[in-house]
Amino acid sequence: MPQLLLEIFSEEIPARMQQGAARDLERMTSERLKAAGLTWDALNVFAGPRRLTLVIDGLPVATPDRNEELKGPKTSAPAQALEGFLRKTGLTQDQLVERDGIWFAEISSQGRATTEVVAEAVDQIIRSFPWPKSMRWGTGTLRWVRPIKRIIALFDGAVISFEVDGVQSGDVTEGHRFLGSGKPFAVKDFADYRAKLEKDYVLLDVADRKLRILEAAKAVCAAKGLALVDDDGLLDEVAGLAEWPTPILGDMDPQFLSLPPEVVRLSMKVHQKYFAVREPGKDGLAPHFVVVANVEATDGGKALAAGNAKVLSARLSDAEFFWTEDQKVGFDAWNAKLKDVTFHAKLGTLAERVDRIAALAREIAPLVGADPAQAEQAARLSKADLASGMVSEFPELQGIMGGYYARLAGYPDAVADAVRDHYKPQGPGDSVPTAPVTIAVALAEKLDTLVGFFAIDEKPTGSKDPYALRRAALGVIRLVLENGVRAPLTGVLTEGLTKLWYQKWSKPVARLADLEVAQDEDDLSADEAAELAALKAADLVMNDPKGYSTEDGARVCSDLLSFFADRLTVLLRDQGQRHDLVAAVFALGDDDLVRIVRRVEALAAFLATDDGANLLAGYKRASNILKAEEKKGPLPEGMVQTGLAGQPTEEVALAHAAAAAASAVDAALEAENFAAAMTALAALRAPVDAFFTAVMVNSDVAEERENRLKLLGQVRGVMNRVADFGQIAG
């Protein structure tokens, strides 16, 4: 079947936008072709520095004929409804069919040529393409990321003729800007297109460009006895900067290796897009770099390497200056500056945030085996480097530079490490700290963020999460689980709330009262008068004139616990656990994340067995009977009788099994032996099956019926001590 080839050739497309653009082109094209009724065998997209390319194999030459029946209003509906339906279908009333008192429209349409559909689709796609940033050029109105130069549109080897804002489609494209022939050339199909591009020094596929970069970069390093420092993020970026990437090894001034390696690597990566280099078997970096050029230099790249070395030296000289000057300033001066930096209008300054984190870290420290004084000290230093010159120049180094400066200032290693790593983990792929002081500060930092923004009702909504609260919650969960921290969330969250409300309400209100008394006694200084005026004008309770109450705290804690449950569900689902099991365990009201996960794992293993699956079915049967009876009135309460006249042995056996299971389950849960708790439940499987096989619950004898309902309630209660089985699917 025919092939469609589309290329949109333009000026340079920013590397960070290329892969998103490829996904958007695939999505938008697929949506429009599917809407027209077209199908295909394979669709591929490619993105590079100057072109977006799409190729579809197996497209039919025309869309299929369509026969549709649309349901309209009732024949008794108001005239306006019928008129609207006629406008929608483009028919007249005599063309409608009436069936069972309802109007139907039968619409038939012949298929259209695929070329017509593609021409319309490409025009719509280009005009509505969702670039993060776009521009206009010349006198046209079209917006694109950079000016469009050419469009290839070929179907089965023939040009699909159309024009988009003065750019006429055709079969001609261009090769490399510098290395190529400089002459546009025509193509016949995708294979011809790809081959001619490569001959003209353009690698179309980003995977090919990455492979060329890696292989050549490692080769130039190996030739000098060096090794490349891997950086997947940088590889992705430079693969979008060059159509014919050519790695070149350059030399840097060895004096700059006295800088922290993170500074050197960041200067190379962020500003220059260079790869760092190391000596095999040695720590630290080597005084070299790899730059990826978009040309093949006649001198082997010597001039390019020298020029890039000069630029890098200038960048590193700046970094060296900040490194030296920062060491003259120190933490006291930086922390003083934080008093003038607003963290959030409703949550105060960064200095106030540091006070909260320090107090919370001290409270958390004993829970994680950390020294409270060191945890508080590290927290008080944790944000200071935000005011340093180095972090002002390289924001990505926040925390990292604080760790270096703390070590140079003579603080204990545990404190310096906590300052360095307290932002961790910052994402799913980031490492989780294991040092106790670092854990305490990292938890305090993330919990203060969550408590603060939930307290002022700035929660994530839909896909919007401007304060990265989902990431913070996931960070807390990973810190707790991977370090086995036994800290009930409710208590920790309450501590965070207490410190926030004291700082933002109780303390200022108390100060306001003192100043008002001094004012009445005519004993106010000028500074105190200004402070009084500011406090009177301030929003002391974050837009809540009533102040903080126990109900406020309970609401915020409840919302946060639900938020943590959602994040834990996502994390465990990614690890293969069922979301309904997490909900079933969370429903018990437990807030110890370690215990919750262990219980979920044991529950999943139990339900994977025949005993677990069958007992779940028995639970649901018992629960349905009990729910039906609850609608009629309160369920009978009291002890289950086992000595009734004519009582079935199956009923007696289940009563004894339920009592034994209750004792065994309670003992197992007390010891947090969840596997044993599941084993105790498994013993109920056979008695429950036998009971439902041999016993009629809704007996005509009231005493029997009440006793059996009590027994089912007992079985349900025992199982619900382990998890809310009612929330489990199956």
Side-chain angles (χ1 to χ4, degrees), residues 1-11 13 21-48 50-66 109-129 140 142 144 146-176 180-205 208 243:
M1 295 180 76
Q3 178 191 82
L4 170 67
L5 173 62
L6 172 70
E7 180 201 68
I8 305 172
F9 180 83
S10 69
E11 296 295 342
I13 303 170
R23 291 190 294 270
D24 286 330
L25 180 60
E26 179 179 4
R27 172 184 56 81
M28 297 173 78
T29 304
S30 298
E31 289 174 352
R32 283 160 176 78
L33 297 188
K34 285 178 181 178
L38 289 169
T39 59
W40 53 86
D41 296 332
L43 185 154
N44 290 291
V45 290
F46 304 91
R50 294 200 293 164
R51 66 198 82 222
L52 293 180
T53 303
L54 175 142
V55 58
I56 304 179
D57 290 305
L59 272 175
V61 297
T63 64
D65 295 340
R66 288 189 176 185
S109 59
Q110 288 187 329
R112 301 173 61 204
T114 297
T115 53
E116 293 181 18
V117 175
V118 169
E120 290 179 3
V122 173
D123 183 86
Q124 294 168 3
I125 290 168
I126 290 177
R127 294 186 185 281
S128 60
F129 205 82
L142 180 67
W144 195 250
R146 296 291 185 271
I148 295 176
K149 298 299 185 181
R150 299 180 184 275
I151 297 174
I152 288 179
L154 293 176
F155 184 69
D156 199 17
V159 172
I160 303 174
S161 181
F162 59 88
E163 180 185 298
V164 182
D165 211 50
V167 181
Q168 178 64 44
S169 63
D171 60 357
V172 175
T173 189
E174 299 176 25
H176 195 283
S181 63
K183 298 178 181 178
F185 51 85
V187 299
K188 297 181 295 185
D189 55 26
F190 179 69
D192 183 48
Y193 166 79
R194 187 169 190 165
K196 287 182 176 177
L197 280 178
E198 188 162 348
K199 185 179 179 181
D200 223 33
Y201 298 94
V202 174
L203 288 177
L204 180 67
D205 194 335
D208 293 337
E243 292 184 310

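From a predicted model like this one, the values you see are computed outputs, not experimental measurements.
- Environment of CZ in Arg127: crowded, with over 12 heavy atoms of neighbouring residues, nucleotides or ligands closer than 6.0 Å.
- Using a 4.5 Å cut-off on side-chain heavy atoms (C-beta onward), Phe46 and Leu54 make no contact.
- For Thr63 and Gln110, the side-chain atoms include no donor-acceptor pair closer than 3.5 Å.
- Residues Pro60 and Trp40 have side chains not in contact (no heavy-atom distance under 4.5 Å, counting atoms from C-beta outward).
- Under the 4.5 Å side-chain criterion, counting only non-hydrogen atoms from C-beta, Leu4 is not in contact with Leu154.
- Checked by atom type, the side-chain pair Asp189/Gln3 shows no donor-acceptor distance below 3.5 Å.
- A donor-acceptor pair under 3.5 Å is absent between the side-chain atoms of Thr115 and the main chain of Ile160, judged by distance alone.
- Phe129 approaches Ala21 most closely through the heavy-atom pair CZ-O, 3.3 Å.
- Between Thr29 and Ile125, the closest side-chain pair of non-hydrogen atoms falls below 4.5 Å.
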- Message: Between Arg194 and Asp208, does the salt bridge (charged side-chain N to carboxylate O under 4.0 Å, His left out) criterion hold? Intermediate values first, please.
- Response: CA-CA 12 Å; Arg194 187 169 190 165; Asp208 293 337; 3.1 Å; yes
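- Between Pro64 and Ala36, the closest heavy-atom pair is CD-O, 4.5 Å.
- A salt bridge is defined here as a Lys NZ or Arg NE, NH1 or NH2 lying under 4.0 Å from an Asp or Glu carboxylate O, and Asp200 with Lys196 fails to meet this definition.
- In this structure, the side-chain hydrogen bond (donor to acceptor under 3.5 Å, both in side chains) partners of Asp24, at least two apart in sequence or on a different chain, are Arg27.
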- Run the numbers on Thr173 and Arg51 for side-chain hydrogen bond (donor to acceptor under 3.5 Å, both in side chains), then give the verdict. CA-CA 10 Å; Thr173 189; Arg51 66 198 82 222; 3.2 Å; yes
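- Nearest heavy atom pair, residue Ile148 against residue Val167, reads O-CG2, 4.0 Å.
- Nearest heavy-atom pair across Phe162 and Ala153 is CE2-CB, 3.6 Å.
- Smallest separation of non-hydrogen atoms from Ser128 and Met28: OG-CE, 3.4 Å.
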- Query: Do Arg112 and Glu120 pass the salt bridge (charged side-chain N to carboxylate O under 4.0 Å, His left out) test, and can you show the C-alpha distance, the side-chain angles, and the key distance before you say yes or no?
  - Reply: CA-CA 12 Å; Arg112 301 173 61 204; Glu120 290 179 3; 2.7 Å; yes
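- Within the 3.5 Å criterion, the main-chain N or O of Val61 finds a donor-acceptor partner in the side chain of Thr114.
- Open room surrounds OH on Tyr201; 12 or fewer heavy atoms of other groups in view lie less than 6.0 Å from it.
- Taking 4.5 Å as the limit, every side-chain heavy atom of Phe190 sits out of range of all side-chain heavy atoms of Asp192.
- In this structure, Leu6 CG and Ile126 CD1 are separated by 7.0 Å, a value rounded to the nearest 0.5 Å.
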- Could you go step by step and tell me if Glu174 and Arg150 meet the salt bridge (charged side-chain N to carboxylate O under 4.0 Å, His left out) rule? CA-CA 9 Å; Glu174 299 176 25; Arg150 299 180 184 275; 2.9 Å; yes
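- Lys149 and Glu11 are joined by a salt bridge, as a carboxylate oxygen and a charged side-chain nitrogen come within less than 4.0 angstrom of each other.
- Residues Val172 and Ile152 have side chains not in contact (no heavy-atom distance under 4.5 Å, counting atoms from C-beta outward).
- The backbone N or O of Val45 sits nowhere less than 3.5 Å from a side-chain atom of Thr53 that would complete a donor-acceptor pair.
- Atoms CG and NZ, on Asp171 and Lys188 in that order, are 11.5 Å from each other to the nearest 0.5 Å.
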